[in-house]
Every structure is written in structure tokens, then in C-alpha cells.
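The structure presented is a predicted model; accordingly, all values stated were derived computationally and were not measured. Values reported hereafter were calculated over all heavy atoms of this structure, with side chains retained and with hydrogens, waters and symmetry mates removed.
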Amino acid sequence: QVQLVESGGGLVQAGDSLRLSCAASGRGLSLYSMGWFRQAPGKEREFVAAISRSGGYTYYADSVKGRFTLSRDNARNTVYLQMNSLKPEDAAVYYCAADLSGRPLLSVKFGNHYDHWGQGTQVTVSS
């Protein structure tokens with residue numbers, strides 16, 4: 001059974017930074033690409049960022065490009081989303097997702113690319 005546990009969310013002011021973490025655990029775990037999505041109240045879930053298995057390729061939504069940085073530590077089965085210059089519109093529940101099947105990276109921006117999802121961590125940004 002694979003588990004993804006997000007942490008690092010909280011309440012910050014506009015312009016502040018946060019670092020989200022997503023730790024994966026499970027027997028025989030083999031992680032491929034990892035992604036972050038977010039969902040604000042009344043809105044659909046949207047892609048935020050993704051990273052390839054090696055960490056050599058990263059993908060970002062236009063809305064966060066230049067402000068967010070995604071990295072991973074494969075020895076710890078953990079990915080990190082560094083979020084800088086946060087804006088009120090970044091407020092949402094952030095979900096970590098894992099591809100356990102090695103799907104083509106062309107689909108990392110879509111939810112069906114991933115096999116497992118975390119429970120989410122709340123990010124609130126006050127103006």
C-alpha cells in the first residue's frame with residue numbers, strides 16, 4: 001500500500017514563502033514522476049508542477065513559473081515544492097501525486113497520469 005503524506009502548508013502573508021513536502025512510503029515502492037496539484041474552493045483541481053523520476057525534467061503551470069521550484073530526494077522518496085512570492089490566488093489545498101507506472105512525461109499535467117494521491121495540505125495566503 002502506497003502512502004503519500006504532504007506537509008508544510010499553513011497561513012502566510014502575500015510575498016512570503018512556504019515549502020511543501022510529500023513523503024512516499026510503501027513496500028516495493030517504485031516512484032516515477034511526481035506532481036503537485038491544487039484546488040481552491042469552488043474551482044477545479046489544477047496542475048501546479050511535476051518532476052521526472054531523475055529530477056532532470058520539471059514542469060510548471062504558467063501561473064507559478066518563476067516563483068515555485070520542485071525538487072526531489074529519491075533516497076528519501078520525498079519531493080519538495082518551494083513556493084516563493086506567494087499570492088492570494090495561490091491559496092488552495094495542495095495535493096501530491098505519484099506515478100507508479102512510468103507513464104510518458106507528456107501527460108504529467110493531467111490527473112490521470114498519476115496512480116496515488118495524498119490527502120492534501122492547506123495553503124492560505126492573506127493579502
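Not a single donor-acceptor pair under 3.5 Å links the side chain of Arg72 to the backbone N or O of Ser54. Glu6 places no side-chain N or O within 3.5 Å of a backbone atom of Cys22 that could act as its donor or acceptor partner.
Hydrophobic clustering of Ile, Leu, Val, Met, Phe, Trp and Tyr side chains at less than 4.5 Å, counting indirect connections, keeps Tyr32 apart from Met34. Cluster annotation: Val48 is connected to Leu18 through the hydrophobic network of ILVMFWY side chains, with a link wherever side-chain heavy atoms come within less than 4.5 Å. Connection of Ile51 to Phe47 is not established within any shared hydrophobic cluster, with ILVMFWY side chains joined at heavy-atom distances below 4.5 Å, either directly or through further cluster members.
Residues Val64 and Arg38 are in side-chain contact: their nearest non-hydrogen atoms beyond the backbone lie under 4.5 Å apart. Tyr114 places a side-chain heavy atom less than 4.5 Å from the side chain of Phe37. In this structure, Thr69 and Tyr80 have side chains that are not in contact, with every pair of non-hydrogen atoms separated by 4.5 Å or more. Phe68 is listed as a side-chain neighbour of Leu86, based on a closest heavy-atom distance under 4.5 Å. Side-chain contact between Asp90 and Arg67 is present, with at least one heavy-atom pair separated by less than 4.5 Å.
Across all their heavy atoms, Arg53 and Leu31 have their closest contact at NE-O, 3.2 Å. Closest approach of Ala49 to Tyr60, counting heavy atoms only: CB-CD2, 3.6 Å. Across Ala24 and Leu4, no two heavy atoms sit closer than the pair CB-CD2, 3.4 Å. When all heavy atoms of Val12 and Ser17 are compared, the closest pair comes out as CG1-O, 4.2 Å. Heavy-atom minimum distance, Gln39 versus Lys43: NE2-O, 3.1 Å.
Between Tyr95 and Trp117, the ring planes lie perpendicular to each other; the angle is over 60°, past the 30° to 60° tilted range. The aromatic rings of Tyr57 and Tyr59 lie parallel to each other, with less than 30° between the two planes, well short of the 60° mark.
Separation of atoms OH (Tyr94) and CG (Leu81) is listed at 7.5 Å; rounding is to 0.5 Å. Note that NZ of Lys87 is 13.5 Å distant from OG of Ser127, once rounded to the nearest 0.5 Å.
Atom CZ of Arg76 is surrounded by 12 or fewer heavy atoms from other residues, nucleotides or ligands within 6.0 Å. Other residues, nucleotides and ligands place no more than 12 heavy atoms under 6.0 Å from the CD atom of Gln3.
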In residues 96-111, what donor-acceptor pairs under 3.5 Å come from side-chain atoms, sequence neighbours left out?
unit_1, atom_1, unit_2, atom_2, d
Asp99, OD1, Ser101, N, 2.9
Asp99, OD1, Gly102, N, 3.2
Asp99, OD1, Arg103, NH1, 3.1
Asp99, OD2, Ser33, OG, 3.3
Asp99, OD2, Gly102, N, 3.3
Asp99, OD2, Arg103, N, 3.0
Ser101, OG, Asp115, OD1, 3.4
Ser101, OG, Asp115, OD2, 3.3
Arg103, NH1, His113, O, 2.9
Arg103, NH1, Asp115, OD1, 3.1
Arg103, NH1, Asp115, OD2, 3.0
Arg103, NH2, Asp115, OD1, 2.9
Ser107, OG, Pro104, O, 3.1
Ser107, OG, His113, ND1, 2.6

Give the intermediate values and the outcome of salt bridge (charged side-chain N to carboxylate O under 4.0 Å, His left out) for residues Asp62 and Lys65. CA-CA 5 Å; Asp62 288 342; Lys65 207 171 289 184; 3.1 Å; yes
